[in-house]
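Reckoned from all heavy atoms, side chains included, excluding hydrogens, waters and symmetry mates. Please read all numbers here as calculations on a predicted model, not as lab measurements.
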Amino acid sequence: MAFSEFKPLDEKSLIEYIKSVPSLSSKIGSNLDDVTVKEVGDGNLNFVYIVLGPAGSLVIKQALPYIRCIGESWPMTKERAYFEALALREHGQFSPEHVPEVYHFDRTMSLIGMRYFEPPHIILRKGLIAGIEYPFLAEHMSEYMARTLYFTSLLYRTTTDHKHAVAKFCGNVEMCRLTEQVVFSDPYKVSEYNRWTSPYLDGDAEAVREDNILKIEVAELKSKFCERAQALVHGDLHTGSIMVTHESTQVIDPEFAFYGPMGFDIGAFLGNLILAFFAQDGHADQVNDRKTYKEWILRTIEEVWNLFHKKFIALWDEHKDGSGEAYLPAIYNNPELQQLAQKKFMEDLFHDTLGFGAAKMIRRIVGVAHVEDFESITDARKRANCEHRALEVAKLLLMERRNFQAITEVVSAIKKL
């Protein structure tokens, strides 16, 4: 067999590979002479190929043993493909409408073959930059998060099953360490990888590095991220990891998946929506001032949390007498106590969500990897102005998160700035 050890595939060798794997070749048709292959990996880490055949299509994703956007000077485990495939299958079980089906996984080749979402699917981030409204976004994302987080937690599982599941993902340590570095460490110290819109944000970046209270709060979030195996989180749930049309929402790229705090996923998604909100002024022009679009983003932020809250509690109620061992029915045996437990749980989750969301925002403004929402604003002064306001909101949310009781208060704080 030609593919018995790892080698990066190019368009030609990819066709040979597909020929050797029935679960892939059967998806695109028997005549592989009519197949087109296009490399579309615009990400930081991997090769991504779209394969179109006479009978169908698929996506092939191959992990490289280094960070693609930096090169071999920053090595990176290709085992991440294994955890991505594992997470896609696990999350796909609970939310099949919003997760691509995995057709094939090859651990030696660090390669996943999965469903291709045809045009007009685009990356959500690009849609937000273009000012497109997605009427089902809040509905779909709240559904995906409620189901994947609830069903992989102790609210649904026995502690034994949960421990086994946690153990399966413990090996994804290098991806977790990358997150620890770029989200919880680098922005708060001088690091060669940090960058920001200089000179306009020089003072802002320094203020982050000098802020004692901010650092104490970030330390608490970091310890939660490292120590709290609450549910199987996607681990990188930003608007670049979601593909959308008006009717469809698909979550891709869970290569950072591990058992961590639920709020890390919800926060990542909401934090990126807040970044998109603050970027809108930089994309406004004579034709479109983006005011109504900004209103839509704020409404969406509110709806995502409110719908998530509702659906999560509904799942909890539905399975409260099931096998979950977080709150044993023999102890939490009256409605009043059950409601108290739920209220406390959701309050803590809300505050985690705000903290992690804020940390994700800060790293996107003064850390290594930025967001296209801001980067595509060509006027540096205008871009810095948008980023400055986003940074102020992020710092407020991170440090004052426990004082917010409802998502409406968060939206009010965003509007004020």
Side-chain angles (χ1 to χ4, degrees), residues 42-45 66-74 76 123 125-126 128-131 177-219 221-222 236 238-240 267-268 270-285 290 294 297 355-399 413-414 416-417:
D42 61 349
N44 298 325
L45 297 171
Y66 51 83
I67 293 186
R68 183 179 174 181
C69 66
I70 291 174
E72 296 183 26
S73 64
W74 191 330
M76 173 58 60
I123 295 288
R125 195 183 299 287
K126 293 189 186 299
L128 294 169
I129 292 167
R177 283 188 65 80
L178 181 59
T179 303
E180 288 159 33
Q181 179 186 339
V182 300
V183 177
F184 301 107
S185 301
D186 281 358
Y188 305 93
K189 64 188 179 76
V190 174
S191 161
E192 58 175 313
Y193 299 112
N194 288 345
R195 59 188 184 83
W196 52 84
T197 306
S198 189
Y200 306 105
L201 294 185
D202 290 359
D204 295 78
E206 189 184 6
V208 168
R209 296 194 302 270
E210 303 290 308
D211 192 324
N212 293 345
I213 310 295
L214 193 63
K215 288 179 179 180
I216 296 294
E217 293 296 344
V218 165
L221 290 167
K222 180 176 180 176
D236 199 26
H238 55 75
T239 51
L270 292 181
N272 273 262
L273 287 179
I274 299 171
L275 292 178
F277 171 86
F278 282 106
Q280 292 306 315
D281 287 352
H283 298 296
D285 53 34
R290 298 277 178 125
K294 285 166 74 175
I297 294 178
F356 286 122
K360 299 281 273 185
M361 289 171 67
I362 292 168
R363 63 79 51 119
R364 292 297 195 177
I365 298 168
V366 297
V368 54
H370 289 218
V371 290
E372 201 186 330
D373 310 63
F374 291 134
E375 298 287 281
S376 54
I377 301 167
T378 45
D379 179 334
R381 188 186 290 273
K382 196 186 269 188
R383 176 169 75 239
N385 186 32
C386 296
E387 290 173 324
H388 169 75
R389 283 178 297 155
L391 193 57
E392 290 302 301
V393 161
K395 284 163 37 173
L396 173 77
L397 292 179
L398 207 154
M399 294 196 278
I414 294 169
K416 274 201 187 90
L417 271 142

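Side-chain atoms of Glu387 and Thr197 form a donor-acceptor pair, as typed in the model, at a separation below 3.5 Å.
Taking every heavy atom of both residues into account, Phe374 and Arg383 meet most closely at O-CD, 2.9 Å. Between Leu397 and Ala358, the shortest heavy-atom contact is CB-CB, 4.0 Å. The shortest non-hydrogen separation linking Val366 to Pro187 is CG2-CB, 4.0 Å. A pairwise comparison of heavy atoms in Asp236 and Lys360 identifies OD1-NZ, 3.9 Å as the closest pair. When all heavy atoms of Ala390 and Met361 are compared, the pair lying nearest together is O-CE, 3.4 Å. Nearest heavy-atom pair, Tyr188 versus Leu398, reported as atom, atom and distance to 0.1 Å: OH-CD1, 4.3 Å.
Residues forming a side-chain contact (heavy atoms from CB on, under 4.5 Å) with Lys382 (at least two apart in sequence, or on another chain): Ile377, Asp379.
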Contacts under 3.5 angstrom, residues 272-285 side chains, donor-acceptor by atom type, not counting sequence neighbours:
residue, atom, partner, partner atom, Å
Asn272, OD1, Arg125, NH1, 3.2
Asn272, OD1, Arg125, NH2, 3.0
Asn272, ND2, Ala268, O, 2.9
Gln280, OE1, Arg290, NH1, 2.6
Gln280, NE2, Leu128, O, 3.2
Gln280, NE2, Ala276, O, 3.1
Asp281, OD1, Lys294, NZ, 2.8
Asp281, OD2, Lys294, NZ, 3.4
Asp281, OD2, Arg389, NH1, 3.3
Asp281, OD2, Arg389, NH2, 3.2
His283, NE2, Asp373, O, 2.8
Asp285, OD1, Val287, N, 3.0
Asp285, OD1, Asn288, N, 2.8

Item to complete: Show your reasoning for whether side chain to side chain contact (heavy atoms under 4.5 Å, CB included) applies to Val208 and Leu214.
Response: CA-CA 7 Å; Val208 168; Leu214 193 63; 4.1 Å; yes
Open item on the list: Before you tell me yes or no, could you show the steps for Lys126 and Glu372 under side chain to side chain contact (heavy atoms under 4.5 Å, CB included), namely the whole-Å CA-CA distance, both residues' side-chain angles and the distance that decides it to 0.1 Å?
Closed with: CA-CA 8 Å; Lys126 293 189 186 299; Glu372 201 186 330; 3.1 Å; yes
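Formation of a donor-acceptor pair under 3.5 Å by the Asp186 side chain with backbone atoms of Asn194 is not found in this model.
Atom CG in Leu270 sits 11.5 Å away from atom OG1 in Thr239 (nearest 0.5 Å). Distance check, rounded to the nearest 0.5 Å: CG of Leu417 to CD1 of Ile414 gives 9.5 Å. Going from atom SG of Cys386 over to atom CZ of Arg381 covers 13.0 Å, rounded to the nearest 0.5 Å.
A salt bridge is absent between Lys222 and Glu180; no separation between the charged side-chain nitrogens and carboxylate oxygens falls under 4.0 Å.
Applying the salt bridge (charged side-chain N to carboxylate O under 4.0 Å, His left out) definition to pairs two or more places apart or across chains, those involving residues 190-215 are Arg195-Glu375.
At least one side-chain heavy atom of Tyr193 sits under 4.5 Å from a side-chain heavy atom of Gln181.
The environment of Lys189 atom NZ is dense: over 12 non-hydrogen atoms of other residues, nucleotides or ligands sit within 6.0 angstrom.
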